[in-house]
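By convention in this document, chain letters (A, B, ...) are assigned in the order of the sequence lines, proteins followed by strands, and residues within each chain are numbered from 1. Just so you know, these numbers use all the heavy atoms, side chains as well, and skip hydrogens, waters and symmetry mates.
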There are 2 protein chains.
Amino acid sequence: MPPGLKDVAARAGVSIKTVSNVVNGYTHVSADTRARVQEAIDALGYIPNAAARQLRTRRSGVIALAVPELQSPYFAEMAGLIVQAAERRSWTVLIDQTDGQAERERNLVAGLRRHAIDGLIFSPLALAGEELSRGGDTPMVLLGERVWHGPADHVAIDNTEAAADATRHLCGLGRRSVAAIGAQDFASAVTAHQRLAGYRAAIEEAGLAWDPLLVARVERFHRADGAAAMAALLQRPRRPDAVFCFNDLLALGAIRTLLEQGVRVPEDVAVIGFDDIEDGRFSTPTLSTVAPDTARIARLAVDLLAERLGDGPAASDAPREVRVAHRLVVRESTAG
Amino acid sequence: MPPGLKDVAARAGVSIKTVSNVVNGYTHVSADTRARVQEAIDALGYIPNAAARQLRTRRSGVIALAVPELQSPYFAEMAGLIVQAAERRSWTVLIDQTDGQAERERNLVAGLRRHAIDGLIFSPLALAGEELSRGGDTPMVLLGERVWHGPADHVAIDNTEAAADATRHLCGLGRRSVAAIGAQDFASAVTAHQRLAGYRAAIEEAGLAWDPLLVARVERFHRADGAAAMAALLQRPRRPDAVFCFNDLLALGAIRTLLEQGVRVPEDVAVIGFDDIEDGRFSTPTLSTVAPDTARIARLAVDLLAERLGDGPAASDAPREVRVAHRLVVRESTAG
DNA sequence: TTGTATGCGTTATCAC
DNA sequence: GTGATAACGCATACAA
């Protein structure tokens with residue numbers, strides 16, 4: 001049975017209120033009393049009971065981070081950064097893996113954890129638009145651009161523009177047959193839609209013909225999907241001389257297929273990805289990519305949540321959209 | 001203000017005890033009452049208050065998983081699998097990133113979260129031996145082999161034997177100058193020590209001379225360390241014709257350096273890693289490796305913890321060590 | 001089978 | 001500056 005406020009109070013010869021004051025850094029405590037209480041706390045190894053505290057204050061000091069999957073290096077990195085940012089506010093982060101399942105995401109938004117978490121940072125995959133607003137009362141910050149302007153804050157890079165930048169880079173290399181890997185059909189695939197739009201805009205801007213046969217669809221954004229999509233692309237009549245992949249994993253998979261089939265990268269086909277995960281810095285060839293300012297995204301997400309959680313004036317302001325910078329990173333896979 | 005037991009009871013015209021019974025699936029409730037209560041629960045959207053429940057039962061339904069870093073694909077995968085396994089017991093997993101910092105690991109073991117979590121699954125990096133037993137009362141399952149036999153359960157593969165298997169594979173290829181990347185000096189680097197021991201055993205078993213100059217030390221197990229270590233190895237007088245890397249990230253970094261310097265893999269240097277992360281299946285060349293049965297490790301870790309947590313007879317048994325299988329996966333990087 | 005009453009460890013409102 | 005005491009929402013011993 002761990003010691004409680006009561007035990008500390010008894011040992012220090014004061015009331016529990018005084019101990020509580022000391023624990024919570026209340027200022028109006030005489031130095032003498034404070035010292036005595038502190039001594040008792042140390043001696044007993046007192047640790048405040050989180051449950052009791054939460055029951056009273058309705059605050060758990062825990063925020064949830066919901067991502068589609070931790071296996072994806074981008075989300076893993078994001079998770080690590082958010083944990084770090086949260087730590088500076090002494091928040092604990094509960095990481096939730098949705099596996100992109102609509103039902104799980106819905107539960108999250110509905111607030112099935114309502115009592116347990118103070119806020120939610122959410123990177124939705126299966127949910128979009130209004131469904132995201134059927135929310136409980138838990139403050140939420142969305143990661144990734146939304147087309148719809150709902151009641152939640154969100155922070156993201158300009159996906160469409162970033163995709164256009166990547167595509168422009170390929171066109172600027174003199175490539176005339178620029179393919180895309182990563183298109184998705186379902187309505188909630190906002191990221192895929194936006195990157196496709198950026199790709200198309202840049203293609204047309206370069207005076208190239210829009211060719212649907214150069215666009216490969218994928219189920220998910222994994223290496224295996226990229227590999228399969230690339231194989232399909234190579235089957236088609238018009239063979240591309242460049243590929244924009246909607247994320248780095250797709251690109252790494254695509255490169256694998258190309259090399260396997262004796263196609264040189266970047267000489268025959270230039271490949272660019274998206275996310276700037278660490279893998280791309282050590283692959284052969286190293287991977288050109290679009291680098292979002294992930295550290296900044298993480299920091300801003302936590303900051304926005306903190307503002308909502310604070311009882312300050314900003315807590316009830318209109319939802320904000322924060323745009324974060326991205327930059328092009330040119331490496332071997334397009335440096336031909 | 002979310003509804004409580006009281007509100008549900010009022011609406012259903014019963015006492016809170018009855019509602020509580022229904023919520024907790026107590027069997028002796030008349031079908032009629034149960035239906036009425038359930039209706040009220042649904043209508044009000046009642047969700048039990050986790051804090052209050054925990055205050056009473058001293059159980060939070062949350063277990064912590066502490067890993068050095070989520071960015072590492074192996075730990076990310078492990079985390080995902082453990083979350084899945086825990087889900088089947090309706091446990092929530094709180095993921096803690098220690099960054100390999102001794103202080104953080106110490107806090108964990110000391111139980112600074114004591115009140116908040118029911119159990120801990122821990123993959124220590126900076127702590128070893130006795131320090132791991134200075135534990136609180138929170139049940140703990142250790143991931144990764146320990147030399148010392150402390151008071152906690154642990155589940156792991158036979159690191160030494162697995163490392164020997166990898167090295168034997170290289171020797172079996174006829175390579176005579178087999179290097180190792182991943183040695184570490186500090187005492188708590190149990191994994192590195194064991195893999196080095198396995199490597200050495202296999203080297204001597206093959207009748208090769210033990211050459212300390214073929215062993216490269218690393219700070220951490222990242223791609224960059226592998227790349228740097230390989231570069232150092234190439235500088236030394238005796239150039240290796242094979243390398244056993246203590247994990248896949250090191251191997252991928254090493255391969256990058258080799259290819260960059262025009263050394264062919266596997267023709268000139270065969271490379272094998274450890275962990276079987278997804279990257280290795282799509283890299284060029286694809287990566288030979290030792291594959292631990294990670295899914296089984298995850299499942300067993302959760303099972304062991306469950307036994308400790310259960311109030312059954314097994315709860316106070318002596319600590320168990322569970323050994324999990326591994327297998328060699330031969331891919332292009334050694335298939336020369 | 002169901003209801004009443006008590007306490008889990010805190011914080012917060014009042015007195016003193 | 002400090003102490004007594006009432007909640008917070010739930011589970012459960014005990015009664016009915």
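- Take the nearest nucleotide of DNA chain C for B:Val29 and for A:Pro48: the residue whose nucleotide is more 5' is B:Val29.
- OP1 or OP2 of D:dA11 lies within a sub-4.0 Å distance of a side-chain N or O belonging to B:Arg53.
- Across the protein-nucleic acid pair, A:Asn24 atom CG and C:dA12 atom C1' stand 11 Å apart, rounded to whole Å.
- Regarding A:Arg58, its CZ atom lies at a distance of 11 Å from the C1' atom of D:dA7, rounded to whole Å.
- Closest to the side chain of A:Ile16, from the set D:dG9, C:dT10, C:dG3, is C:dT10.
- Atom pair A:Tyr26:OH and C:dT13:P shows a separation of 11 Å (rounding to whole Å applied).
- Between B:Thr33 and C:dT2, a side-chain N or O to OP1/OP2 separation shorter than 4.0 Å is present.
- Residue B:Val14 is in sugar-phosphate contact alone, with no base atom involved, counting any heavy-atom pair closer than 4.0 Å across all strands shown.
- Nearest to the side chain of A:Lys17, among C:dT4, D:dA11, C:dT13, sits C:dT13.
- As rounded to whole Å, 13 Å separates atom C1' of D:dT5 from atom NZ of A:Lys6.
- Checking the phosphate oxygens (OP1, OP2) of D:dG1, no side-chain nitrogen or oxygen of A:Thr18 falls inside 4.0 Å.
- When each of C:dC8, D:dG3, D:dG1 is scored by its nearest atom to the side-chain atoms of A:Ser15, the top-ranked nucleotide is D:dG3.
- Computed from coordinates, the B:Asn21 CG to D:dA13 C1' distance equals 13 Å when rounded to whole Å.
- At whole-Å resolution of the value, NE2 in A:His28 and P in D:dG3 are 16 Å apart.
- Side-chain contact between B:Arg11 and B:Asp7: absent, with no pair of heavy atoms (C-beta onward) separated by less than 4.5 Å.
- Between A:Leu142 and A:Glu321, every side-chain heavy-atom pair lies at or beyond the 4.5 Å cut-off.
- Here A:Ser30 reaches the OP1 or OP2 of D:dT2: one of its side-chain N or O atoms lies under 4.0 Å away.
- In this model, the phosphate group of D:dA11 is approached by a side-chain N or O of B:Ser20 to a distance below 4.0 Å at OP1 or OP2.
- B:Ala126 and B:Gly100 get closest at one heavy-atom pair: CB-O, 3.3 Å.
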Item to check | Verdict with supporting geometry, B:Gln71 and B:Gln97, side chain to side chain donor-acceptor pair (under 3.5 Å) | outcome: CA-CA 10 Å; B:Gln71 274 87 340; B:Gln97 218 178 342; 3.1 Å; yes
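- In this entry the distance linking CG of A:Leu55 with C1' of D:dA11 reads 13 Å, nearest Å.
- Here the rule is side-chain hydrogen bond (donor to acceptor under 3.5 Å, both in side chains) with B:Arg308, and of B:Thr138, B:Asp118, B:Asp153 only B:Asp153 fits it.
- Atom CG in A:Leu5 sits roughly 15 Å away from atom C1' in D:dA6 (whole-Å rounding).
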